[in-house]
Trainee: 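The structure is given below, and queries will be raised subsequently.
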Amino acid sequence: MSAFAKMTEAKYVEGYIRFFWHNGDEKRAYEISAEALQESFGAQDATGGALLNAFERGRDRIERAVEQSLNTPTDGVTELGSGDFAQED
């Protein structure tokens with residue numbers, strides 16, 4: 001498992017990657033679908049290994065998306081999609 005996946009406790013769960021982000025005392029759960037990982041970070045397929053590799057490749061953009069979401073209240077899992085990873089020109 002990669003360093004980013006370990007740091008975020010990322011794991012494959014039936015078609016998506018679930019991970020956690022620590023923000024002070026708060027621990028927030030996030031999910032990124034296989035489709036978003038394929039579109040945004042080039043996952044070769046929807047297998048756990050391919051999705052986790054894409055998750056690692058997308059680290060910088062995933063971190064930015066998480067940071068932008070921290071001010072949004074949530075009662076559960078925050079879903080991140082392809083639109084959250086749009087690259088700025």
Trainee: Could you identify which residues cluster with Val13, counting Ile, Leu, Val, Met, Phe, Trp and Tyr as linked when any side-chain heavy atoms lie under 4.5 Å apart, either directly or through a chain of such contacts?
Mentor: Tyr16
Trainee: Glu56: which residues meet the salt bridge (Lys or Arg N to Asp or Glu O under 4.0 Å) condition with it, sequence neighbours left out?
Mentor: none
Trainee: If you look only at pairs with a residue in residues 56-80, which of them pass as a ring-ring contact (aromatic ring centres under 6.0 Å, His included), with sequence neighbours excluded?
Mentor: none
Trainee: List the steps and the verdict of side chain to side chain contact (heavy atoms under 4.5 Å, CB included) for Leu37 and Ile17.
Mentor: CA-CA 9 Å; Leu37 288 162; Ile17 296 295; 3.5 Å; yes
Trainee: How is the hydrophobic cluster of Val77 composed, in terms of its other members, when Ile, Leu, Val, Met, Phe, Trp and Tyr link through side-chain heavy atoms under 4.5 Å apart, directly or indirectly?
Mentor: none
Trainee: CD of Glu63: more than 12 outside heavy atoms within 6.0 angstrom?
Mentor: yes
Trainee: Kindly compute the distance separating OG (Ser2) from CZ (Arg57), expressed to the nearest 0.5 Å.
Mentor: 11.0 Å
Trainee: Examine Phe20 and Leu80 and state if one hydrophobic cluster contains both, with Ile, Leu, Val, Met, Phe, Trp and Tyr joined whenever side-chain heavy atoms are less than 4.5 Å apart.
Mentor: no
Trainee: Mind jotting down which residue pairs meet the salt bridge (charged side-chain N to carboxylate O under 4.0 Å, His left out) criterion with at least one end in residues 65-82? Sequence neighbours excluded, please.
Mentor: none
Trainee: Ile62 pairs by side chain to side chain contact (heavy atoms under 4.5 Å, CB included) with which of Thr8, Asp84, Ile32?
Mentor: Ile32
Trainee: Working to the nearest 0.5 angstrom, can you tell me the gap between Glu35 CD and Ser40 OG?
Mentor: 9.5 Å
Trainee: Mind listing the side-chain donor-acceptor pairs of residues 43-54 below 3.5 Å, one per line with the distance, residues two or more places apart or on another chain?
Mentor:
residue, atom, partner, partner atom, Å
Gln44, NE2, Gly42, O, 3.3
Asp45, OD1, Thr47, N, 2.9
Asp45, OD1, Thr47, OG1, 2.5
Thr47, OG1, Ala50, N, 3.4
Asn53, ND2, Gly49, O, 3.3

Trainee: Taking the side chain as every heavy atom from C-beta outward, state whether Phe41 and Arg61 have any atom pair closer than 4.5 Å.
Mentor: yes
Trainee: Not counting sequence neighbours, list each pair that qualifies as a salt bridge (charged side-chain N to carboxylate O under 4.0 Å, His left out) and has a residue in residues 15-25.
Mentor: Arg18-Glu31
Trainee: Please report the closest heavy-atom contact between Phe55 and Ala10, naming both atoms and the distance.
Mentor: CE2-CB, 3.6 Å
Trainee: Which residues pass the salt bridge (Lys or Arg N to Asp or Glu O under 4.0 Å) test with Glu26, sequence neighbours left out?
Mentor: Arg28
Trainee: What residues form a ring-ring contact (aromatic ring centres under 6.0 Å, His included) with Tyr30, not counting sequence neighbours?
Mentor: Phe19
